[in-house]
Amino acid sequence: IETLSNFHHPFINQILDNFETSTHIFIVMEYICGDLLGFIRKRSKLSESVSKIIFKQLIEGLKYIHKKHFVHRDIKLDNILIDLTNTIKICDFGVSKHFDDKNEIMFDHCGTPAYIAPEIFEHTGYKGPACDIWSAGVTLYYMLAGEQPFKAGSISELEKIIKAGDFKEIEGVSKEANNLLSKILQVNPKARLSLDEILNHKWLDKVDLSQRQKLSLFTEAEKILMSKYDVNYLHSDKNELIENFTLKNIEDKKSKTEKGSSRDFELRFFLNFILATPKALYASTKSDKTAYNVSSFLGKHRLRRRKRGI
């Protein structure tokens, strides 16, 4: 918790705060409506212009993580969130690991099978950063092709295919895109491009991330649905959102739950409230209705912030 709380980057899902009870730990994070997997499935695949914007954000985020001496070790579409400002957020650091030296050898077998780098399957040790780069390459392939580069009917068969580095070029995309993929999805990690080399590749080097909000990535229907919950996109309807998460609402819903589960329900409902409300709103002043409600709830249930260092 302490480590992730110190991650401050626009392309990483931020921990805002954390609380604990005698039985639960709550981590309050930025609320983002959808992940990249769902985004692509609705479209089958993405255009190169959209893929460039998303992939460059992913590489910039990974560069920051590695600079902090961490490896993610589970980069995949499900762990890349995207909001209405066309900004991605890398999330789920459950199997991430700190390293002191970039050449440190790791032995943990972790990650999602279709995204795992071939050297992990060798069971002889691997360098974490290169594995994140491989997984990012698999992610890019899926964005452009709408399918995984490595597919099999069993884990053992999938392992053989990945270790052989056997995948097809994507039809209908530029030579530069296929060239970048071929240089990332190298079985030999020493031959694999570094993050800086990826950013300097011809396919990516002219991508301006400051212009990403000008792209129209979402349909009007998606914008309407997501804007109800995406706190990065809230405007005039924020008061309505707050009103829907008052203590009275909590008490009404609590009374409908089974006896003995009301406390857990209140905590879950409070977590939804705090995630769906911009931090500036609930942490403003005690005279503010929202701040008062949260303060009262914390006092009532003796929730307390976890100490730094835990």
Side-chain angles (χ1 to χ4, degrees), residues 11 32 34-63 72 74-91 111-118 130-152 158 161-187 189 191-209 211-219 222:
F11 308 140
I32 311 294
D35 60 43
L36 196 53
L37 179 62
F39 181 77
I40 295 174
R41 280 180 172 172
K42 290 178 181 177
R43 293 158 177 79
S44 296
K45 58 183 178 180
L46 304 182
S47 67
E48 285 192 56
S49 59
V50 171
S51 297
K52 285 179 181 180
I53 289 291
I54 293 174
F55 188 64
K56 188 164 186 177
Q57 291 179 74
L58 173 60
I59 297 303
E60 292 284 7
L62 281 176
K63 189 175 177 181
H72 187 282
D74 197 17
I75 292 295
K76 57 181 178 178
L77 295 168
D78 320 45
N79 289 340
I80 302 169
L81 309 179
I82 185 167
D83 67 19
L84 281 172
T85 67
N86 304 331
T87 302
I88 72 147
K89 302 284 183 178
I90 300 170
C91 68
T112 302
Y115 295 82
I116 289 178
C131 295
D132 278 350
I133 292 170
W134 172 279
S135 301
V138 174
T139 300
L140 175 60
Y141 188 101
Y142 197 112
M143 283 192 274
L144 293 170
E147 62 180 5
Q148 296 282 3
F150 308 104
K151 296 182 289 185
L158 179 65
I161 295 171
I162 290 176
K163 285 165 73 174
D166 236 353
F167 68 94
K168 296 178 182 178
E169 279 198 352
I170 304 172
E171 295 180 2
V173 301
S174 66
K175 290 181 180 179
E176 289 83 3
N178 274 317
N179 177 266
L180 177 59
L181 283 166
S182 69
K183 291 183 175 181
I184 296 176
L185 297 177
Q186 288 282 331
V187 171
R192 207 171 293 157
L193 290 185
S194 68
L195 294 175
D196 282 329
E197 288 171 331
I198 292 172
L199 291 172
N200 291 324
H201 189 275
K202 189 176 179 180
W203 191 73
L204 269 187
D205 64 350
K206 290 187 172 54
V207 176
D208 183 0
L209 291 182
Q211 301 299 308
R212 68 183 181 276
Q213 295 185 24
K214 294 181 180 179
L215 286 177
S216 245
L217 301 192
F218 296 93
T219 65
E222 287 173 327

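- Using a 4.5 Å heavy-atom cutoff, the side chains of I82 and I32 are not in contact.
- Looking only at side-chain heavy atoms (C-beta outward), K52 and W203 come within less than 4.5 Å of each other.
- Note that the NZ atom of K183 and the CG atom of N179 stand 4.5 Å from one another [nearest 0.5 Å].
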Item to complete: Take L209 and I53, measure what side chain to side chain contact (heavy atoms under 4.5 Å, CB included) needs, and give me the verdict at the end.
Response: CA-CA 6 Å; L209 291 182; I53 289 291; 4.3 Å; yes

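- Rounding to the nearest 0.5 Å gives a distance of 6.0 Å between CG of L217 and CD1 of I54.
- Pairs engaging residues 166-178 under the side chain to side chain donor-acceptor pair (under 3.5 Å) rule: E48-S174 [sequence neighbours left out].
- Contacts of Y115 classified as ring-ring contact (aromatic ring centres under 6.0 Å, His included), with partners at least two apart in sequence or in another chain: none.
- Side-chain contact between I88 and L36 is absent, with no heavy-atom pair separated by less than 4.5 Å.
- No side-chain donor-acceptor contact under 3.5 Å links N79 and H72.
- Remark: the S194 side chain and the D196 side chain contain no N/O donor-acceptor pair separated by less than 3.5 Å.
- Although no hydrogens or angles enter the test, the distance criterion places no donor-acceptor pair under 3.5 Å between the side chain of N86 and the main chain of S216.
- The two residues I90 and L62 have their closest heavy-atom pair at CD1-N, 4.0 Å.
- At distances below 3.5 Å, at least one donor-acceptor pair connects side-chain atoms of S135 with backbone N or O atoms of C131.
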Fill in: ring-ring contact (aromatic ring centres under 6.0 Å, His included) between W134 and F150, intermediate numbers included
CA-CA 12 Å; W134 172 279; F150 308 104; 5.5 Å; yes

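- For K45, the NZ atom counts as loosely surrounded, since its 6.0 Å shell holds 12 or fewer non-hydrogen atoms of other residues, nucleotides or ligands.
- Counting only heavy atoms from C-beta outward, the side chains of F55 and I198 approach each other to under 4.5 Å.
- Nearest approach of L158 to A152, heavy atoms of both residues: N-CB, 3.4 Å.
- We find the CG-CE distance between L77 and M143 to be 7.0 Å, quoted to the nearest 0.5 Å.
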Practice prompt. Could you go through the side chain to side chain contact (heavy atoms under 4.5 Å, CB included) check for E60 and L199 one step at a time?
Written response: CA-CA 8 Å; E60 292 284 7; L199 291 172; 3.9 Å; yes

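- To the nearest 0.5 Å, atom CG of residue L181 and atom CZ of residue F167 are 6.0 Å apart.
- In summary, the side chains of K214 and Q211 do present a donor paired with an acceptor at a separation below 3.5 Å, with no hydrogens or angles considered.
- Two residues are said to be in side-chain contact when any heavy atoms from C-beta on lie closer than 4.5 Å; L193 and L180 meet this criterion.
- In this structure S51 satisfies the side-chain hydrogen bond (donor to acceptor under 3.5 Å, both in side chains) test with no other residue, sequence neighbours excluded.
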Item to complete: Kindly determine whether I162 and V187 satisfy side chain to side chain contact (heavy atoms under 4.5 Å, CB included), including the steps that lead there.
Response: CA-CA 8 Å; I162 290 176; V187 171; over 6 Å; no

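- Considering CG of D35 and SG of C91, their distance stands at 7.5 Å, rounded to 0.5 Å.
- Taking the centre and axis of the six-membered ring of F39, the NZ or CZ atom of R41 falls outside the cone set by 45° and 6.0 Å.
- The heavy-atom pair separating R192 from A117 by the smallest distance is NH1-CB, 4.2 Å.
- Taking all atoms of both residues into account, the shortest heavy-atom contact from T87 to Q57 is CA-OE1, 3.3 Å.
- Distance NZ/K56 to CG/L140: 14.0 Å, rounded to 0.5 Å.
- Side-chain contact between S47 and V50 is present, with at least one heavy-atom pair separated by less than 4.5 Å.
- Across every non-hydrogen atom of A177 and L144, the tightest pair is CB-CD1, 4.1 Å.
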Worksheet item: Run the side chain to side chain contact (heavy atoms under 4.5 Å, CB included) check on I133 and L195 step by step: do they pass?
Response: CA-CA 7 Å; I133 292 170; L195 294 175; 3.6 Å; yes

